[in-house]
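Notes to accompany the following structure.
Convention: sequence-line order gives letters A, B, ...; per-chain numbering from 1. Because only heavy atoms are used, hydrogens play no part in the values below, and waters and symmetry mates are left out as well, while side chains stay in.
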Number of protein chains: 2
Amino acid sequence: MGQGVEWALHSCVNMSWTPVGEAVSSARLAAFYRLPAAYLNKQLQALVRAGILASVSGPRGGFQLARRPDRISVLDVVLAIEGNDDAFRCEGILKDAPGGMEADYARTCLISQTMRHAEVTWRTELSRQSIAGIAQSIERRFPDAREETVRQLTGARGRQEPRSA
Amino acid sequence: MGQGVEWALHSCVNMSWTPVGEAVSSARLAAFYRLPAAYLNKQLQALVRAGILASVSGPRGGFQLARRPDRISVLDVVLAIEGNDDAFRCEGILKDAPGGMEADYARTCLISQTMRHAEVTWRTELSRQSIAGIAQSIERRFPDAREETVRQLTGARGRQEPRSA
DNA sequence: GAGTAGCTACTCGGATAGTACATGTCCGAGTAAACTTGG
DNA sequence: CCAAGTTTACTCGGACATGTACTATCCGAGTAGCTACTC
C-alpha cells in the first residue's frame with residue numbers, strides 16, 4: 001500500500017481539528033511531519049477529486065474537509081488514494097483452461113470469491129471507522145495533541161507580527 | 001496484489017487433486033492455464049521456500065504439496081507470494097512531528113492501530129479457508145472438475161505411447 | 001481621508017523526471033529414466 | 001536374457017532484461033490581500 005494513505009489520514013485528522021472555514025496549506029501540513037510538500041499536495045489533490053476535501057487557491061488558501069469528519073470513513077480516504085480496484089484482481093485465467101467448465105467456472109470461481117469475501121470484511125472494518133472517531137480517540141489518549149496541532153497548523157499564519165526595533 | 005497469488009492458489013488446488021507422491025511440473029500447470037511457464041515456476045519456488053510445496057528435479061519431477069491440503073490455508077499461500085509485511089506500513093511519521101508527544105504517540109498511533117486491526121480481520125478470514133476446503137467446494141459445484149483436471153495434469157506424462165506403424 | 005487601479009505574494013493543479021518493484025525470460029546444475037553394450 | 005556403464009532428456013533453481021507504478025520535483029494558472037495613487 002502506498003505511503004500517501006498514511007499521510008492523507010493524518011492530514012484529515014489534523015484538519016478535523018482546525019476551525020471550519022479556515023483552510024490549511026499543504027506546505028504547513030508537510031512541515032508538520034517533515035514531508036515533501038509537493039508530493040503531499042499531490043495526494044491531497046486526490047482527496048479533492050474524491051470529494052473528501054475542498055481546496056481554495058491564493059493567499060490564506062489551502063485544503064479543508066468537504067464534509068463533517070464523522071461522515072468521512074477511513075475507507076473513503078484509502079480508496080481515494082489507492083483507487084477503487086480490489087487488491088486481488090481475478091483475471092479469469094480459467095477461461096483458457098481446457099474442459100467444459102470455462103464460462104460458468106470463471107464466473108463462480110471459488111478462489112476469487114474467497115479473496116473477495118476477505119476484502120469485503122477488510123473494507124467493512126475500515127468503513128466503520130471515521131476520521132472523527134479516530135480524532136476523538138487521540139484526544140482522549142493525548143489531551144494536549146489537539147491544541148498543540150492546531151497551534152502548529154494555524155500559528156503565525158499570514159499575520160505578519162509587528163517588526164521590532 | 002500480485003498476479004502470482006492467483007496462479008499459486010489455483011495450482012495448489014489442482015495439486016491437491018493429483019495422486020500423492022506424484023509431482024506435477026510447472027510446465028504442465030502453466031499449459032493448463034496458458035501461462036508463462038518460467039514465471040509460474042518462479043512463483044512456485046516461493047511456495048517451496050515457504051514450506052508449502054516440495055520440489056523434485058529430473059524427469060517425472062515437479063512440485064507437490066508438502067503437507068495435507070487441509071493444513072494449508074489461503075493465507076499461507078498469500079504470504080508466501082506477497083511476503084509477510086503488512087500492506088499498511090506505518091513509517092512512524094509522527095516521530096518528527098513537533099510537540100511533546102513524539103515517542104508515545106508514535107507507538108500508540110491510533111491510525112496505525114486502525115489499519116492493523118482491519119488487516120488482522122482480513123488475515124483471519126483468509127486463514128480460515130484451506131486449500132482442501134476450496135477444493136471440496138469446487139467438487140460439489142462442478143462434479144467433473146476434479147477428474148478433468150487430473151486427466152489434463154497427469155495424462156500422457158512420460159509414458160510414451162507405442163509408436164504406431 | 002477614502003476609493004480604486006495595479007502589483008505582489010501565495011496557493012493549488014497538472015505536467016515532468018527518477019526509482020523501486022513486479023513481471024517476464026533465459027541458461028546452467030542436477031537427476032532419473034532410457035539406451036547401449038558386454039557377459 | 002541380464003546387468004552395468006553411458007547417454008539423454010527433462011526438471012528445478014537462480015541470474016538476467018523489461019514494463020509499470022509509486023515516489024519525488026518543478027513550473028504555470030489563478031486569486032486574495034497589500035500598496036500606491038488619485039480625487
Side-chain angles (χ1 to χ4, degrees), chain A residues 1-8 11 15 21-31 33-50 53-64 66 81-83 85 87-89 91 93 153 156-160 163, chain B residues 1-8 11 15 21-31 33-50 53-64 66 78 80-83 85 87-89 91 93 153 156-163:
Chain A
M1 182 169 303
Q3 191 80 22
V5 175
E6 186 181 3
W7 305 353
S11 297
M15 279 186 281
E22 288 191 18
V24 182
S25 73
S26 63
R28 198 166 286 271
L29 281 167
Y33 296 122
R34 315 280 176 81
L35 298 176
Y39 190 34
L40 176 62
N41 190 1
K42 188 180 181 61
Q43 308 291 352
L44 297 182
Q45 286 175 26
L47 296 183
V48 172
R49 280 190 292 271
L53 295 184
S55 64
V56 297
S57 293
R60 294 184 66 87
F63 297 93
Q64 53 185 318
I81 301 292
E82 293 288 309
D85 299 337
F88 181 85
R89 58 218 146 114
E91 296 289 340
I93 64 176
L153 255 47
R157 199 254 317 284
R159 305 261 175 267
Q160 59 188 24
R163 192 91 42 86
Chain B
M1 181 168 305
Q3 191 81 21
V5 174
E6 186 181 4
W7 304 354
S11 297
M15 279 186 281
E22 287 191 20
V24 182
S25 72
S26 63
R28 199 166 286 271
L29 281 166
Y33 296 122
R34 313 282 176 81
L35 299 176
Y39 191 33
L40 176 62
N41 191 2
K42 188 181 182 63
Q43 309 291 353
L44 297 182
Q45 286 175 26
L47 297 183
V48 172
R49 279 190 293 270
L53 296 184
S55 63
V56 296
S57 292
R60 295 183 67 86
F63 298 92
Q64 54 185 318
V78 171
I81 301 293
E82 292 287 310
D85 299 338
F88 181 84
R89 60 218 145 112
E91 297 288 339
I93 63 177
L153 255 46
R157 200 253 317 283
R159 307 260 177 268
Q160 58 186 27
E161 49 219 23
R163 192 91 42 88

TODO: Round to a whole Å and report the spacing from CZ of B:Arg34 to P of C:dG24.
DONE: 17 Å

Open item on the list: Expressed as a whole number of angstroms, how long is the span from B:Glu22:CD to C:dA33:C1'?
Closed with: 15 Å

- [ ] Measure the CG-CD distance between A:Leu35 and A:Gln43 for me, rounded to the nearest 0.5 Å.
- [x] 10.5 Å

- [ ] Taking all heavy atoms of A:Ile81 and all of A:Gly4, pick out the closest pair and write down the distance.
- [x] CG2-C, 4.2 Å

TODO: Return the value, rounded to whole Å, for the distance between atom CG of B:Asp85 and atom P of C:dC21.
DONE: 11 Å

TODO: For B:Ala46 and B:Ala80, work out which heavy atoms get closest and say how close.
DONE: CB-O, 3.8 Å

Please enumerate all protein N or O atoms sitting under 3.5 Å from an N or O of nucleotides 15-24 of chain D, with distances to 0.1 Å.
from   : atom 1 : to      : atom 2 : distance (Å)
D:dT23 : OP1    : A:Gln3  : N      : 2.9
D:dT23 : OP2    : A:Tyr39 : OH     : 3.0
D:dT23 : O5'    : A:Tyr39 : OH     : 3.2

TODO: Kindly give the heavy-atom pair with the smallest separation between A:Ser26 and A:Leu40, and that separation in Å.
DONE: O-CD2, 3.8 Å

- [ ] List the atom of B:Glu82, the atom of B:Gly2, and the distance in Å for their closest heavy-atom pair.
- [x] OE2-N, 2.9 Å

Task: Where A:Glu6 and B:Arg89 come nearest, the two heavy atoms and their spacing - done: OE1-O, 3.6 Å

Task: Heavy-atom closest contact (A:Ala37 atom, A:Ala30 atom, distance) - done: CA-CB, 3.5 Å

Open item on the list: One character per nucleotide, please: for nucleotides 7-12 of chain C, 5' to 3', B when the base has a protein heavy atom closer than 4.0 Å, S when only the sugar-phosphate does, - otherwise.
Closed with: ---BBB

Task: Sole candidate of A:Leu53, A:Leu47, A:Val24 that passes side-chain contact (heavy atoms from CB on, under 4.5 Å) when paired with A:Phe63 - done: A:Leu53

